[in-house]
A.B. asks: 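I am attaching a structure below and will ask some questions about it afterwards.
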Amino acid sequence: MDTAPNGLTFRDATDADVDALVALIESAYRGDSSRTGWTTEADILEGQRTDPDGVLAVIKSPDSRLLTVERDGSVIACCQLEHRGDHAYFGMFAVSPVLQGAGLGKVIIAEAERHARETWGVTEMHMTVISVRDDLIAWYERRGYRRTGKMTPFPYGDESFGIPQRDDLQFELLVKPLA
């Protein structure tokens with residue numbers, strides 16, 4: 001467990017965190033609560049963003065960790081890091097909607113990149129973002145990620161990813177070199 005000077009504590013998620021993490025991720029991306037923050041996907045996807053089995057799978061995977069961020073003993077953010085050879089994958093990033101826009105995301109992604117670089121010796125961080133999320137992609141570009149133009153189809157028909165509200169969804173790969 002690492003405590004940063006800004007009062008944030010970073011630690012690996014445990015089985016006991018599953019319910020709190022599912023609630024956090026859902027609140028950041030789905031439903032009316034997500035509209036409090038700017039990362040909402042409520043206008044493009046309904047249904048679930050994740051579920052307890054999905055979160056637990058990340059926690060249990062030997063090549064992954066679910067970095068959990070606390071302040072004053074409360075879970076306020078999380079992100080998935082997965083070791084994939086010469087790069088790491090960054091996903092399942094969520095910050096409590098009521099805390100978005102205060103600079104926490106920048107601190108958390110920088111810690112995730114530091115951890116991936118120092119723990120696994122990776123040279124790049126990869127992520128996928130729904131390609132119509134221009135504001136979110138622009139935020140990642142300001143953090144040094146670049147669009148690759150490499151697209152993968154959205155899994156239409158698999159409601160574990162949500163229920164699409166439009167027919168043009170796909171994921172774009174973003175990449176950042178980790179110096």
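Note that the numbering runs from 1 along the sequence shown for the chain.
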A.B. asks: Indicate if Y140 and L169 have the same hydrophobic cluster label, given that clusters are the connected sets of ILVMFWY residues with side-chain heavy-atom separations under 4.5 angstrom.
C.D. replies: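 As far as the 4.5 Å side-chain criterion goes, L169 and Y140 are not connected within one cluster.
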
A.B. asks: Indicate the atoms forming the closest heavy-atom contact of S131 with R147, along with that distance.
C.D. replies: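 Answer, listing the atom of S131 first, then R147: O-NH2, 3.8 Å.
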
A.B. asks: Could you tell me whether the side chain of Q165 and the main chain of I163 form a donor-acceptor pair under 3.5 Å?
C.D. replies: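 Yes, Q165 side chain to I163 backbone: donor-acceptor pair under 3.5 Å.
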
A.B. asks: Indicate if I44 and F171 have the same hydrophobic cluster label, given that clusters are the connected sets of ILVMFWY residues with side-chain heavy-atom separations under 4.5 angstrom.
C.D. replies: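 Same cluster.
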
A.B. asks: Using every non-hydrogen atom in the two residues, find where R133 and V129 come nearest and quote the distance to one decimal.
C.D. replies: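 For R133 and V129, the tightest heavy-atom pair comes out as CB-CG1, 4.1 Å.
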
A.B. asks: Linking I/L/V/M/F/W/Y whenever their side-chain heavy atoms sit closer than 4.5 Å, directly or via other members, would M127 and I108 fall into one cluster?
C.D. replies: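 Same cluster.
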
A.B. asks: So which heavy atom on E172 is nearest to which on G149, and how close?
C.D. replies: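 Scanning both residues completely, I find the closest heavy atoms to be OE2-N, 2.9 Å.
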
A.B. asks: Evaluate the side-chain proximity of L24 to E26: yes if any heavy-atom separation is below 4.5 Å, no if none is.
C.D. replies: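 A side-chain contact is absent here, since even the closest heavy-atom pair is not under 4.5 Å.
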
A.B. asks: Do V122 and E124 have side-chain heavy atoms sitting under 4.5 Å apart?
C.D. replies: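 No - every pair of side-chain heavy atoms lies 4.5 Å or more apart.
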
A.B. asks: Taking the side chain as everything from C-beta on, heavy atoms only, tell me whether L136 gets closer than 4.5 Å to F93.
C.D. replies: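 Counting from C-beta outward, L136 and F93 never come under 4.5 Å.
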
A.B. asks: More than 12 heavy atoms of other residues, nucleotides or ligands under 6.0 Å from CD of E141: yes or no?
C.D. replies: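 Yes - once you tally the heavy atoms of other residues, nucleotides and ligands closer than 6.0 Å, there are more than 12.
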
A.B. asks: If you take all heavy atoms of A94 and A28, which pair is closest and at what distance?
C.D. replies: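 For A94 versus A28, the nearest heavy atoms are CB-CB, 4.0 Å.
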
A.B. asks: What is the minimum heavy-atom distance between M92 and G54, and which atoms define it?
C.D. replies: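 Taking every non-hydrogen atom into account, CE-O, 4.3 Å.
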
A.B. asks: Report yes if some heavy atom in the side chain of C78 is under 4.5 Å from a heavy atom in the side chain of I25; otherwise report no.
C.D. replies: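 They are in contact (side-chain heavy atoms under 4.5 Å apart), so the answer is yes.
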
A.B. asks: Between T128 and Y89, do the side chains contain a donor N or O and an acceptor N or O under 3.5 Å apart?
C.D. replies: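 Checked: Y89/T128 side chains pair up, N/O donor to acceptor below 3.5 Å.
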
A.B. asks: With a 3.5 Å cut-off and sequence neighbours excluded, list the donor-acceptor pairs that the side chains of residues 55-63 form with protein atoms.
C.D. replies:
{"residue": "K60", "atom": "NZ", "partner": "D15", "partner atom": "OD1", "Å": "3.1"}
{"residue": "K60", "atom": "NZ", "partner": "D15", "partner atom": "OD2", "Å": "3.0"}
{"residue": "S61", "atom": "OG", "partner": "D63", "partner atom": "N", "Å": "3.4"}

A.B. asks: Determine, using ring centers only, whether W120 and H87 are less than 6.0 Å apart.
C.D. replies: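 No.
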
A.B. asks: Determine whether V107 and V69 make a side-chain contact, defined as any pair of heavy atoms from C-beta on separated by less than 4.5 Å.
C.D. replies: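 The answer is no; the side chains never approach within 4.5 Å.
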
A.B. asks: Should M151 and L173 be regarded as members of a common hydrophobic cluster, given that ILVMFWY residues are connected when their side-chain heavy atoms come within less than 4.5 Å of each other, either directly or indirectly?
C.D. replies: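 No, because M151 and L173 fall into different hydrophobic clusters, even though each may have its own neighbours under 4.5 Å.
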
A.B. asks: Taking the side chain as every heavy atom from C-beta outward, state whether F154 and V132 have any atom pair closer than 4.5 Å.
C.D. replies: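 A side-chain contact under 4.5 Å is absent here.
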
A.B. asks: Nearest 0.5 Å, please: how far is CD in E70 from CG in D17?
C.D. replies: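 D17 CG to E70 CD: 7.0 Å, rounded to 0.5 Å.
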
A.B. asks: So, for M125 and A116, which heavy atoms are closest and what is the spacing to 0.1 Å?
C.D. replies: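 The pair with the smallest heavy-atom distance is CE-CB, 4.0 Å.
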
A.B. asks: Hey, what do you get for NZ (K176) to CZ (R143), rounding to the nearest 0.5 Å?
C.D. replies: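 Answer for the NZ-CZ pair, K176 versus R143, is 8.5 Å.
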
A.B. asks: When rounded to the nearest 0.5 angstrom, what distance separates CG in L104 from CD1 in I76?
C.D. replies: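 Between L104 CG and I76 CD1, I get 5.0 Å after rounding to 0.5 Å.
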
A.B. asks: How many angstroms lie between atom OH of Y156 and atom CG of D167, to the nearest 0.5 angstrom?
C.D. replies: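 Output value for this atom pair is 6.0 Å.
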
A.B. asks: Just do the side-chain contact (heavy atoms from CB on, under 4.5 Å) check on T152 and K150 with the steps written out, would you?
C.D. replies: CA-CA 7 Å; T152 53; K150 294 180 183 172; over 6 Å; no

A.B. asks: Are any non-hydrogen side-chain atoms of I137 and Y145 less than 4.5 angstrom apart?
C.D. replies: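 Side-chain contact under 4.5 Å: no.
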
A.B. asks: Can you hop from L8 to I109 via hydrophobic side chains spaced under 4.5 Å?
C.D. replies: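 Same cluster.
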
A.B. asks: Measuring from atom CZ of R84 to atom OG of S64, what distance do you get when rounded to the nearest 0.5 angstrom?
C.D. replies: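 Here the rounded value is 7.5 Å.
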
A.B. asks: Calculate, to the nearest 0.5 Å, the distance between atoms CG and CG belonging to L66 and D12 respectively.
C.D. replies: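 The CG atom of D12 is 8.5 Å from CG of L66, to the nearest 0.5 Å.
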
A.B. asks: Compare all side-chain heavy atoms of L67 with those of H115 and state whether any distance is below 4.5 angstrom.
C.D. replies: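 SC-SC contact between L67 and H115 ruled out.
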
